[in-house]
2 protein chains.
Amino acid sequence: MEEKLHLLRQHFEEIVSLTDDEWNIVKSHFEFKSLKKHQFLIQVGQPVAFEYWIIKGLVKAYSIDEKGKEHILQFAMEDYWVSDHCAFQHQEPGTIFVDCLEDSEFFCLSLENREKICFEVPAVANFFRIKSNHGYINLQQRILSLLTMTAESRYEYLLNKLPKLIQRVPKKLIASYLGVSRETLSRFSS
Amino acid sequence: MEEKLHLLRQHFEEIVSLTDDEWNIVKSHFEFKSLKKHQFLIQVGQPVAFEYWIIKGLVKAYSIDEKGKEHILQFAMEDYWVSDHCAFQHQEPGTIFVDCLEDSEFFCLSLENREKICFEVPAVANFFRIKSNHGYINLQQRILSLLTMTAESRYEYLLNKLPKLIQRVPKKLIASYLGVSRETLSRFSS
DNA sequence: GATTTTTTGTGATGTATGTCAATTTTGAAA
DNA sequence: TTTCAAAATTGACATACATCACAAAAAATC
C-alpha cells in the first residue's frame with residue numbers, strides 16, 4: 001500500500017509541492033478500494049460518496065438513454081480522476097454509471113475529506129484548482145470537436161491522441177464515446 | 001468603480017469568505033476594461049493575457065472552421081468568467097475568438113496575478129477550485145446533451161435553462177451553439 | 001478444447017439534418 | 001421616417017449517419 005500511496009503523492013507533486021507533514025495529513029483522508037471487471041463504482045440512483053483516483057485499471061462513465069443506448073462520457077485509467085462529479089458535489093443520487101472495463105484499484109476521497117484537506121493544506125486546493133482547470137479545457141476541446149468535426153475525423157483525432165486507449169477498449173465503446181453508431185465507425189478507413 | 005468592485009467581491013463571497021485585508025489584496029490584482037459591441041476581447045493568434053469576469057454585457061466565444069463557419073463554445077454574460085482558458089493557461093497564442101454582442105465591461109486577471117492571489121489567499125484558490133469544478137460539471141452536461149439528444153430537444157432544453165439568453169442573442173448564434181444549422185433551427189416548433 | 005457470448009463487419013434502407021437559393025421580416029443606422 | 005444590412009423563413013434537394021438484419025470473427029467461460 002505504501003507504494004500505491006507513493007504514486008498518489010507523485011501525482012500531487014507533479015502540480016504542487018507538499019511537505020512530509022502535509023502529505024501525511026493528505027494521505028490519511030483517502031480510502032483504498034479494489035474492484036473486478038464489470039463491477040460498478042457508481043450507479044444511477046445510488047449515493048456517490050467519493051471521488052476516485054485510479055491507481056490501476058480502466059473504467060467507463062456513461063449514461064443510458066430512454067432507448068437503453070449507452071453514451072460514454074469518459075474513459076478513465078491509471079492516474080485519472082473519476083466520479084459523477086455533479087452528484088458528488090451536490091451529494092445527490094448518481095445520475096450516471098461508472099463500471100470497470102478491467103480489474104481496477106482506487107483511492108477514494110469523500111467530499112467532506114476533500115474540503116477538509118483543501119482548507120487545511122492550501123497546496124491541495126491549488127492542486128485541485130489546476131487539475132479541474134485542465135479538465136475544463138479538455139472538455140471544451142471535446143465540445144468543439146463535437147461541434148466542428150465529422151464522426152470520422154473525431155475518430156482519427158482520438159486514434160492520435162489516445163492510441164493506447166483504443167487497444168484496451170472495444171470499438172463499440174469508442175463509437176459510443178464519439179457519438180456515432182458502431183456500424184458507422186466500423187466503416188471508417190484506418 | 002467601487003461599486004463594480006463590490007459586485008466582484010460579492011461574487012467571491014458567494015463561494016468563500018474573505019476578510020477586508022484579503023479582499024484588498026485580491027482586488028488590487030484586477031484591471032478594468034470596457035468594450036463596445038463587436039469589439040474583440042480575444043483573437044486567434046493574439047496573446048491571451050487575461051481571464052475576464054464580466055461586470056455587464058454579453059460576449060460569445062467561438063472558433064471558425066476551414067469553411068469559415070462559426071462554432072460557439074460559450075455565451076458569457078454578467079457574473080460569468082470567460083477566456084481562451086487553454087491558451088491563457090499555457091500562455092500561448094489564442095485559439096478562439098471572443099467578441100462582444102453588447103457593450104461590455106470586464107475585470108481582467110492575468111495568469112501571474114491569479115497564481116499570486118491563489119497562493120497568497122487560500123480562500124481564493126478554493127474559490128477558483130470550486131468555480132472550475134462547477135464549470136466542469138456544466139461542460140459534462142453539455143457533452144451528454146450533444147451525445148444523447150436531438151438538435152430539437154437540445155433547443156427546448158436551452159429555452160428552459162436560459163430563457164433570458166435566447167432573447168438577447170440572434171437565433172443563428174443559438175443554432176451555432178447547439179451545433180445545428182440556422183435553417184434547421186428555424187424549422188423547430190417552439 | 002468446445003461452447004457460448006461478445007464484438008465486428010457489411011449490405012439495404014430510412015431519416016434527421018445540412019446546403020443552396022430565394023424571399024420576407026426585423027432591426028439598426030442615418 | 002427612410003434606408004440599408006442582418007436575421008429569419010421556406011422550399012428543393014443532397015448527404016452523413018442511424019437503424020435493422022444477418023454473418024463472421026474473436027474472446028470469454030465452462
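Letters A, B, ... mirror the listed sequences (proteins, then strands); counts begin at 1.
Look at CZ on A:R168: it is 19 Å from C1' on C:dT7, rounded to the nearest Å. If you measure from atom CD of B:E152 to atom C1' of C:dT15, you get 14 Å, rounded to the nearest angstrom. The distance from atom CD of A:E70 to atom P of C:dT6 is 13 Å, rounded to the nearest whole Å. Atom CD1 in A:I166 sits roughly 11 Å away from atom P in C:dT8 (whole-Å rounding). As rounded to whole Å, 11 Å separates atom P of C:dA16 from atom CZ of B:F188. In this structure, CD of B:E183 is placed 16 Å from P of C:dT23, rounded to the nearest angstrom. Rounding to whole angstrom units, CG of residue B:L185 and C1' of C:dG18 are separated by 13 Å. When the P atom of C:dT6 is taken as reference, atom NZ of A:K37 falls 11 Å away, rounded to whole Å.
When distances run from any side-chain atom of B:T150 to the nucleotides C:dT10, C:dT17, C:dT8, the shortest one goes to C:dT17.
Residue contacts shown for A:K69 are limited to sugar-phosphate atoms, with no base heavy atom under 4.0 Å away. A:K67 comes within 4.0 angstrom of nothing in the nucleic acid, heavy atoms only.
By the 6.0 Å contact criterion, CD on B:E92 is enclosed, its count of non-hydrogen atoms from other residues, nucleotides or ligands being greater than 12. The neighbour count for B:Q10 CD, taken as heavy atoms of other residues, nucleotides or ligands under 6.0 Å away, is above 12. The number of heavy-atom neighbours closer than 6.0 Å to CZ of A:F119, taken from other residues, nucleotides and ligands shown, is above 12.
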Criterion salt bridge (charged side-chain N to carboxylate O under 4.0 Å, His left out) on A:E51 and A:K33, from CA distance to verdict: CA-CA 12 Å; A:E51 250 174 4; A:K33 176 164 191 148; over 6 Å; no

Working for salt bridge (charged side-chain N to carboxylate O under 4.0 Å, His left out), residues B:E183 and B:R187: CA-CA 7 Å; B:E183 293 93 333; B:R187 282 182 249 260; over 6 Å; no

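Within the structure, a side-chain polar atom (N or O) of A:K172 is placed less than 4.0 Å from OP1 or OP2 of C:dT7.
For the pair B:L173 and B:R187, both in contact range of DNA chain D, the more 5′-proximal nearest nucleotide belongs to B:L173.
Side-chain to base pairing of B:R182 with C:dG18: no donor and acceptor N or O lie closer than 3.5 Å to each other.
Looking at A:S132, its side chain never comes within 3.5 Å of a backbone N or O of A:R129 through a donor-acceptor pair.
Using a 4.0 Å cutoff to heavy atoms of chain B, the contacted part of DNA chain D runs 5' to 3' from D:dA7 to D:dA12.
A salt bridge links B:K60 to B:E70: at least one charged side-chain nitrogen sits closer than 4.0 Å to a carboxylate oxygen.
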